[in-house]
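Notes to accompany the following structure.
Since we're looking at a predicted model, the values are computed, not measured. Nothing fancy with the numbering, it's 1 onward along the sequence.
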Amino acid sequence: MRKCQYIPFLAILLLSGCDDDGSFFGPGFQFGDPLPACTATTNALLAVTTAGPITFYREAEYIQGRAASITAMLPDSRHYLLQWQQHDGAPLELVTAQRQILAFEPQHPGEYRFSLTATPMPGQTTLKTLSAEITVQVTAAEPHQFNIRLDHQLSEGANASLRLEAPSEQKTQAVTWCQVSGPTVRVDLRDPARPLLQLPWVSQDERVHLKAIGTELADDAYLLITNEPAAPADALFEEPLSRVHPYLEASPYAQALQRCIYNNQLALRDCSLAELPLIGQSGRKANIDDIMARVLVSHDWMGDNFKLFLQQHDKHRDFIKLLQSVTAIVISYDIQPAFYWVATGAIYLNPDDLWLTPTQRDTINETPDFRNEFGSELHFLMPWRYVKDNRYASGIYDPEQRISRPTTALQTDLSSLLYHELAHANDFFPRTCHANLNEKTLYDAYLARHKAQLFASDRLEQSYPLLSTEMSALAEVRFLGQSATDDQRAFSPVDVSQFFTSDHANDFYAYSTKREDAAMLFEESMMSHRLGVQRDIGITNAPTDAAAQNVIVSWGERGRVGHEKLKPRAALIINHLLPELGGSHVIANLPAPLAMRVDKSWADNLILSPARLSTPEATILPPLQLSGDRHQLILD
């Protein structure tokens with residue numbers, strides 16, 4: 001049975017929700033009966049043996065323009081670092097080259113030859129390096145076909161998603177799904193083009209074969225469900241996690257990263273600061289190479305793009321400085337949403353802010369956040385967005401259009417995410433304290449500093465506390481899943497506007513904890529100071545299927561952190577986290593807030609400043625973002 005609880009110390013909400021018997025049933029999911037068995041002709045995987053212990057499973061046919069894969073089965077798979085390479089055939093984008101399933105999409109017919117090398121993980125001294133090759137033939141085909149993206153390697157008991165692409169004349173509403181083979185998978189099929197999967201528990205690595213069938217077309221999906229060790233009673237992570245590996249295999253911290261950061265065997269005080277110190281404890285000025293030596297990824301492209309972002313978009317070295325207060329950076333397809341955790345000293349990032357190509361995006365789990373319906377009984381919403389020059393600061397990329405994006409498109413979303421999560425790390429362990437951390441473990445150091453109330457968020461609460469009891473209570477409903485009272489269900493957007501504007505928070509999420517209050521102030525201040533990007537926050541009604549076009553603003557403001565009553569709060573936090581900037585200087589130069597137009601939609605409030613757009617704003621608007629949706633709450 002899977003356990004669901006809050007971790008009692010500096011807890012984070014766990015990465016899944018649970019019902020009485022331990023099954024995943026997050027809000028927004030409607031898992032029905034298992035899929036029916038397929039009765040149509042199917043393409044079973046064919047086993048290809050090699051001279052060693054590796055066995056390949058290949059598809060019966062490989063077709064030009066259709067997503068495909070090869071599965072490798074090997075003993076002790078979780079103790080190996082895997083690396084696929086392509087040797088023959090037109091060049092492919094191999095985004096899963098470190099997984100047992102090699103997924104690819106050949107655009108040209110011909111012969112393709114691949115090799116797999118399995119190198120023992122750091123510390124696995126009894127295992128030997130394994131290698132094998134396989135060749136497949138891709139046949140030419142017409143472009144109009146079903147395409148299920150992407151075949152995945154997934155941990156047992158996890159939730160996952162698939163995305164089905166179909167020609168315009170083939171309506172995905174007419175698609176049916178069935179299961180060909182493997183242990184039973186339960187599926188939410190309310191959107192047949194994006195099925196949500198609940199994976200079974202397995203006693204060994206198992207292959208699963210699913211099929212999507214339309215009126216004339218069909219395609220197959222192949223999954224590998226990996227068996228993972230059971231978590232001990234004192235494990236920090238109670239559930240199986242995605243298999244991750246050090247981005248730099250030669251990192252001097254590779255073995256410590258593998259053991260101490262992201263696995264369900266890890267207990268609270270298993271790793272010492274001597275074994276895995278904060279990056280800034282080296283005593284010298286950190287650089288990008290030092291940062292990348294602390295990165296764990298599920299797919300190498302995530303580390304590639306993170307490094308590229310630091311090289312191209314950290315010209316002020318803010319992130320290099322702030323990252324000195326973490327032990328590691330984890331980027332994995334199963335992290336949603338992002339969080340920082342003092343138990344490990346690491347930040348955990350969702351790769352949705354890092355993809356550059358459609359194929360990279362295909363590897364990311366699109367399962368909805370289990371917290372989405374927290375507070376659904378409340379009659380107001382608090383949307384937010386980042387804007388610049390009266391436009392959404394983040395680009396809009398429809399997954400169905402298969403468009404790549406430039407590295408500049410990462411800047412807004414990834415910068416805001418890093419400023420927020422690294423605010424937590426630097427709240428607890430600013431660079432000024434690194435030389436004086438003498439405790440055995442980071443958690444012991446946290447306890448000592450917590451007892452002495454040395455955190456910036458403590459000083460913020462002492463000097464400039466938030467006072468609205470109504471907003472604090474509403475935050476427990478919206479961000480912790482508490483049931484709303486009758487009074488809270490009766491609050492109108494106008495009522496909430498009065499509660500919020502009479503206080504001095506810059507976001508609803510600030511009321512969840514004093515730690516989040518500090519992080520929200522820092523995030524918004526730095527985005528405005530460094531990128532000239534302002535944060536919109538509003539209070540609206542809560543219609544069914546809320547969208548930017550149909551939620552009506554009761555109150556809203558652009559750049560609230562520039563309000564006079566918020567400036568000293570933000571300056572205090574900046575002085576603690578990045579003292580070299582000078583908090584008062586930063587805040588003094590922030591633009592004054594702009595009021596939104598009441599009784600207009602959120603979309604109609606995009607253009608607020610006198611400078612009009614030189615070109616019309618795109619007619620496609622991004623999904624509505626609600627306060628707190630990108631960060632996993634931490635508590636004391």
* Asked: When the aromatic ring centroids of Phe104 and Phe114 are compared, is their separation below 6.0 Å?
  -> yes

* Asked: Heavy-atom distance under 4.5 Å between the side chains of Asp334 and Tyr262, does that happen here?
  -> yes

* **For Ser627 against Arg478, the heavy-atom pair lying closest together** => O-NH2, 4.4 Å

* To do: Count the heavy atoms belonging to other residues, nucleotides or ligands that lie under 6.0 Å from CD of Glu249, then report whether that count exceeds 12.
  => no

* Given the rule in the side-chain hydrogen bond (donor to acceptor under 3.5 Å, both in side chains) test, do His152 and Thr363 qualify, once you have shown the distances and angles that lead to the verdict? -> CA-CA 7 Å; His152 297 288; Thr363 65; over 6 Å; no

* Structure fact -> One should read off an interatomic distance between Asn147 CG and Leu164 CG, to the nearest 0.5 angstrom, of 8.0 Å

* To do: Could you give me the CA-CA distance, side-chain angles and deciding distance for Thr367 and Asn159, then say whether side-chain hydrogen bond (donor to acceptor under 3.5 Å, both in side chains) is met?
  => CA-CA 7 Å; Thr367 302; Asn159 55 82; 3.2 Å; yes

* Asked: Taking all non-hydrogen atoms of both residues, which atom of Asn550 and which atom of Thr544 are closest, and how far apart?
  -> ND2-O, 4.2 Å

* Asked: So, does Asn263 use its side chain to make a donor-acceptor pair with the main chain of Gln258 at under 3.5 Å?
  -> yes

* To do: Using only heavy-atom distances, determine whether the side chains of Glu105 and Gln107 contain a donor-acceptor pair under 3.5 Å.
  => yes

* With a 3.5 Å cut-off and no angle check, do the side chains of His209 and Asp220 form a donor-acceptor pair? -> yes

* Atom pair CH2/CD of Trp301 and Glu93 - distance to nearest 0.5 Å -> 9.5 Å

* From CA spacing to verdict: side-chain contact (heavy atoms from CB on, under 4.5 Å), Asp191, Arg194 -> CA-CA 5 Å; Asp191 181 357; Arg194 196 187 67 169; 3.8 Å; yes

* Any donor-acceptor pair under 3.5 Å from Trp177 side chain to Pro192 backbone -> yes

* Evaluate whether atom CD of Glu400 has more than 12 neighbouring non-hydrogen atoms of other residues, nucleotides or ligands under 6.0 angstrom away. => no

* Asked: Counting only heavy atoms not in Gln265, do more than 12 sit closer than 6.0 Å to its CD atom?
  -> yes

* Are Gln336 and Asp369 close enough, and set up right, to give a side-chain hydrogen bond (donor to acceptor under 3.5 Å, both in side chains), and what steps lead you there? -> CA-CA 7 Å; Gln336 186 189 38; Asp369 188 337; over 6 Å; no

* **Asp205 side chain near Gln100 side chain, heavy-atom distance below 4.5 Å** => yes

* What pair of heavy atoms forms the shortest contact from Ala60 to Leu46, and how long is it? -> CA-CD1, 4.0 Å

* Structure fact -> In this structure, CG of Leu224 is separated from OG of Ser77 (nearest 0.5 Å) by 7.5 Å

* **Closest heavy-atom pair and its distance - Ile261, Ala346** => CG2-CB, 3.9 Å

* Asked: Any sub-3.5 Å donor-acceptor pair from Asp545's side-chain atoms to Ala547's backbone N or O?
  -> no

* **Check: Ser404 main-chain N/O paired with Thr357 side-chain donor or acceptor under 3.5 Å** => no

* Are Arg259 and Leu266 close enough that some pair of their side-chain heavy atoms sits under 4.5 Å apart? -> no

* Side chains of Tyr80 and Thr117: closer than 4.5 Å at any heavy-atom pair? -> no

* Asked: How many angstroms lie between CD1 in Ile347 and CD in Glu421, if you round to the nearest 0.5 Å?
  -> 7.0 Å

* **Test salt bridge (Lys or Arg N to Asp or Glu O under 4.0 Å) applied to Arg66 and Asp219, step by step** => CA-CA 9 Å; Arg66 179 176 290 181; Asp219 194 18; 3.7 Å; yes

* **Stepwise side-chain hydrogen bond (donor to acceptor under 3.5 Å, both in side chains) test for Gln360 and Asn305** => CA-CA 10 Å; Gln360 292 174 355; Asn305 294 359; 3.0 Å; yes

* Check whether any side-chain heavy atom of Pro229 sits under 4.5 Å from a side-chain heavy atom of Asn264, and report yes or no. => yes

* Once you round to the nearest 0.5 Å, how far does CD1 of Ile63 lie from CD of Gln137? -> 13.0 Å

* Structure fact -> Across all chains, not counting sequence neighbours, the side chain to side chain contact (heavy atoms under 4.5 Å, CB included) partners of Leu217 are Phe146, Pro167, Gln170

* Parallel under 30°, tilted from 30 to 60°, perpendicular over 60°: which one fits the rings of His631 and Tyr509? -> parallel

* Structure fact -> The reported gap from CG in Leu199 to CG in Leu154 (rounded to nearest 0.5 angstrom) is 5.5 Å

* For the pair Glu133 (side chain) and Ser115 (backbone), establish whether a donor and an acceptor sit closer than 3.5 Å, ignoring hydrogens and angles. => no

* **Verdict with supporting geometry, Arg163 and Asp362, side-chain contact (heavy atoms from CB on, under 4.5 Å)** => CA-CA 8 Å; Arg163 185 173 283 273; Asp362 290 338; 5.6 Å; no

* To do: In sequence, state the C-alpha distance, the side-chain angles, and the governing distance for Asn350 and Phe339, and then conclude on side-chain contact (heavy atoms from CB on, under 4.5 Å).
  => CA-CA 9 Å; Asn350 184 326; Phe339 61 98; over 6 Å; no

* Is Arg371 close enough and on-axis enough to Phe479, meaning under 6.0 Å and within 45°, for cation-pi? -> no

* Asked: Is the NZ or CZ atom of Arg385 both under 6.0 Å from the centre of the six-membered ring of Trp602 and within 45° of that ring's axis?
  -> yes

* Go through the steps to decide whether Trp384 and Tyr392 satisfy the test ring-ring contact (aromatic ring centres under 6.0 Å, His included), and finish with yes or no. => CA-CA 11 Å; Trp384 69 274; Tyr392 281 88; 9.9 Å; no

* Check whether any side-chain heavy atom of Thr344 sits under 4.5 Å from a side-chain heavy atom of Leu236, and report yes or no. => yes

* Would a distance-only check, ignoring hydrogens and angles, find a side-chain to backbone donor-acceptor pair under 3.5 Å from Ser242 to Ser298? -> no

* Salt-bridge contact Arg630-Asp353 (side-chain N to carboxylate O under 4.0 Å) -> yes

* Structure fact -> With sequence neighbours left out, the residues meeting side chain to side chain contact (heavy atoms under 4.5 Å, CB included) with His108 are Ala90, Tyr112

* Mind jotting down which residue pairs meet the disulfide (SG to SG under 2.5 Å) criterion with at least one end in residues 93-128? Sequence neighbours excluded, please. => none

* To do: Side-chain contact test, heavy atoms from C-beta onward, threshold under 4.5 Å: evaluate it for Leu74 versus Pro53 and give yes or no.
  => no

* **Heavy-atom closest pair, residues Glu366 and Ser161** => N-OG, 2.8 Å

* For Leu268 and Asp234, run side-chain contact (heavy atoms from CB on, under 4.5 Å): C-alpha distance rounded to whole Å, both residues' side-chain angles, the deciding distance at 0.1 Å, then the answer. => CA-CA 8 Å; Leu268 179 56; Asp234 59 350; over 6 Å; no

* **Least distance between heavy atoms, Gln179 atom then Val208 atom** => NE2-CG1, 4.0 Å

* Output, in order, the C-alpha distance, side-chain angles, deciding distance and verdict of salt bridge (Lys or Arg N to Asp or Glu O under 4.0 Å) for Arg78 and Glu228. => CA-CA 8 Å; Arg78 68 188 180 91; Glu228 304 297 338; 5.2 Å; no

* **Check: Phe237 ring centre within less than 6.0 Å of Trp341 ring centre** => yes

* Do Tyr222 and Ile70 touch side chain to side chain, with heavy atoms closer than 4.5 Å? -> no

